[in-house]
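Comments concern the structure below.
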Amino acid sequence: MVRSAQKIIGIYETFREDMASRKENAKNANRVLRISQLDALELNKALEQLVWSQFTQCFHGFKPGLLARFEPEVKACLWLFLWRFTIYSKNATVGQSVLNIQYKNDFSPNLRYQPPSKNQKIWYAVCTIGGRWLEERCYDLFRNHHLASFGKVKQCVNFVVGLLKLGGLINFLIFLQRGKFATLTERLLGIHSVFCKPQNIREVGFEYMNRELLWHGFAEFLIFLLPLISVQKLKAKLSSWCIPLTDAPNSDNTLATSGKECSLCGEWPTMPHTIGCEHIFCYFCAKSSFLFDMYFTCPKCGTEVHSLQPLKSGIEMSEVNAL
């Protein structure tokens, strides 16, 4: 009986440990990444800038500085409008909606998803929208009034703002360590980011990536190799292998029969010259090729350039008479 009871207790403890590990793994799998939370904040800032720029363009044709006097109030109304149709109604900002994230009430004892309460949403608007409006309005008030009575108030306001900035810095360092409560407002109100839908395990296939890396490396290799290849030399080698070589006679008749076209451009040779073999070249074709490559060889027979010499006039006349 004692042994059977010990076995049952062991099985029960093993089952509890297994269930606890599964819950912990599920919790870690559904945890929102830090980079996703920071991306949501950046998307919110980009949206606010876009909305403000579009709103100011509506007053482009009016008197300059028309909105400058009431700019903090106008901005507060716009951000309040966005808050009404994002956080208040959908429990998420625009950036969070894009990334499939929403806010959850951290004070709720239930393990299931519990949206933020109405009071939390209102206090969120007060802390974010009201805080920014108060900061901008106090800055304009202290800038335009240089009375002695505002000196102590200004110091108190600057002290409070400094404390809030310090608290935001400490909260951000804790967020980097634990990955929860990206802003000080979220920590004070007890709301944190969770996924709207359970995230499945991503199965990444690397076949496409490997293929792209292979072709990218091959293209870089060709870009490095092609400038080092001399096309003319390669053409000459292929021509010398494919066309059987014959003895190169030095008679004028051989020059005359081979002098009807340039060995490079294939046209009637202009100012015909030779490079030491029986083939004829235009002066400009042979000279430009030699200046481009000092080891230039004849594309027909592969003879290296010894000297660029003009063709004899008698041979030219014989070619003309033959034509």
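One is the number of the first residue; the rest follow in order along the sequence.
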If hydrophobic clusters are built by linking Ile, Leu, Val, Met, Phe, Trp and Tyr wherever their side-chain heavy atoms come under 4.5 Å apart, do [X] and [Y] end up in the same one?
X	Y	value
I129	L134	no
L214	L225	no
I170	L41	no
L67	L80	yes

What closest approach, in Å, do [X] and [Y] show between heavy atoms, and which atom pair accounts for it?
X	Y	value
K121	N91	NZ-OD1, 2.8 Å
L176	R34	O-NE, 2.9 Å
F107	L189	CE1-O, 3.4 Å
R112	K104	O-CE, 3.8 Å
G190	Q120	O-NE2, 3.9 Å
S97	A92	OG-CB, 3.9 Å

Taking the side chain as C-beta and beyond, is there a heavy-atom pair between [X] and [Y] under 4.5 Å?
X	Y	value
F181	N171	yes
C127	L188	no
Y283	T270	no
T274	I280	yes
S193	Y103	yes

Answer yes or no: does atom [atom1] of [X] have more than 12 heavy-atom neighbours from other residues, nucleotides or ligands under 6.0 Å?
X	atom1	result
F81	CZ	no
W123	CH2	no
F59	CZ	yes

Once rounded to the nearest 0.5 Å, what's the spacing between atom [atom1] of [X] and atom [atom2] of [Y]?
X	Y	atom1	atom2	result
I223	F218	CD1	CZ	11.0 Å
D39	L33	CG	CG	10.0 Å
L50	F55	CG	CZ	14.0 Å
T93	E48	OG1	CD	9.5 Å
L213	R211	CG	CZ	11.0 Å
H192	R187	NE2	CZ	11.5 Å

Picking from T183, L184, L38, what satisfies side chain to side chain contact (heavy atoms under 4.5 Å, CB included) with F172?
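Running side chain to side chain contact (heavy atoms under 4.5 Å, CB included) over T183, L184, L38 with F172 returns exactly one hit, L38.
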Per the side chain to side chain contact (heavy atoms under 4.5 Å, CB included) rule, which among V157, L163, L164 passes with V161?
V157
Give me each pair satisfying side-chain hydrogen bond (donor to acceptor under 3.5 Å, both in side chains) with a member in residues 61-88, each pair once, sequence neighbours excluded.
E71-K75, E73-W133, E73-R137
Taking N44 for the side chain and G95 for the main chain, is one N or O donor matched with an acceptor at less than 3.5 Å?
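Side chain of N44 to backbone of G95, a donor-acceptor pair under 3.5 Å: yes, one is there.
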